[in-house]
Amino acid sequence: MRHFQCRLSEVNGTGRTFGWIEERGAKVGAVVEMKEFGGALYRVVEVADFGIEAKALAEKQARDRGSLPSLRPV
């Protein structure tokens, strides 16, 4: 399963963010639930051209967390 980095806009608010969305939901106009933000709903505004496999994404996120002390598990 591939994931795509997407630019997102909060449906019921003014929040904006980026997130990695599964291919099935990575379509402009789709509404996705962001568990990381308490289940808030976001609309996909833009989708990156290239995706990444789920395993590679998990490895990337683990590396990224290790480089950011505030995101390291306690």
Side-chain angles (χ1 to χ4, degrees):
M1 174 184 340
R2 295 182 70 76
H3 288 71
F4 289 81
Q5 190 173 39
C6 298
R7 187 165 53 102
L8 306 168
S9 176
E10 192 173 18
V11 171
N12 295 317
T14 58
R16 306 275 188 272
T17 192
F18 287 87
W20 289 96
I21 307 297
E22 290 180 16
E23 187 170 13
R24 64 189 171 102
K27 295 169 180 43
V28 173
V31 175
V32 295
E33 179 183 1
M34 297 298 290
K35 294 178 183 174
E36 298 87 350
F37 301 123
L41 297 177
Y42 281 78
R43 186 172 314 281
V44 177
V45 176
E46 185 177 4
V47 179
D49 291 337
F50 298 97
I52 187 171
E53 293 296 328
K55 182 179 178 184
L57 176 59
E59 291 168 357
K60 176 194 175 332
Q61 290 174 329
R63 279 193 316 272
D64 291 350
R65 274 192 298 276
S67 68
L68 301 170
S70 64
L71 297 178
R72 287 187 190 145
V74 181

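All values below come from the heavy atoms of this structure, side chains included, with hydrogens, waters and symmetry mates left out. Note that the numbering runs from 1 along the sequence shown for the chain.
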Enumerate the residue pairs fulfilling ring pair (Phe, Tyr, Trp, His ring centres under 6.0 Å) with a member in residues 7-37, sequence neighbours excluded, ordered by first and then second residue.
-> Phe37-Tyr42
Taking all heavy atoms of Arg16 and all of Ser9, pick out the closest pair and write down the distance.
-> NH1-OG, 2.9 Å
Would Leu8 end up clustered with Val28 when hydrophobic side chains under 4.5 Å apart are linked, directly or stepwise?
-> yes
In short, Val31 meets Arg43 closest at the heavy-atom pair CG2-NH1, 3.3 Å
Would you call Arg24-Glu22 a salt bridge at under 4.0 Å N-O?
-> yes
Gap between atom NZ of Lys60 and atom NE2 of His3 - 0.5 Å precision = 13.0 Å
Nearest heavy-atom approach of Ala26 to Phe4 is CB-CB, 3.9 Å
For the hydrophobic clusters of this structure (ILVMFWY residues joined by side-chain heavy atoms under 4.5 Å, transitively), does one cluster hold both Ile52 and Ile21?
-> no
Single-linkage hydrophobic cluster, 4.5 Å side-chain cutoff, Val47 and Met34 together | yes
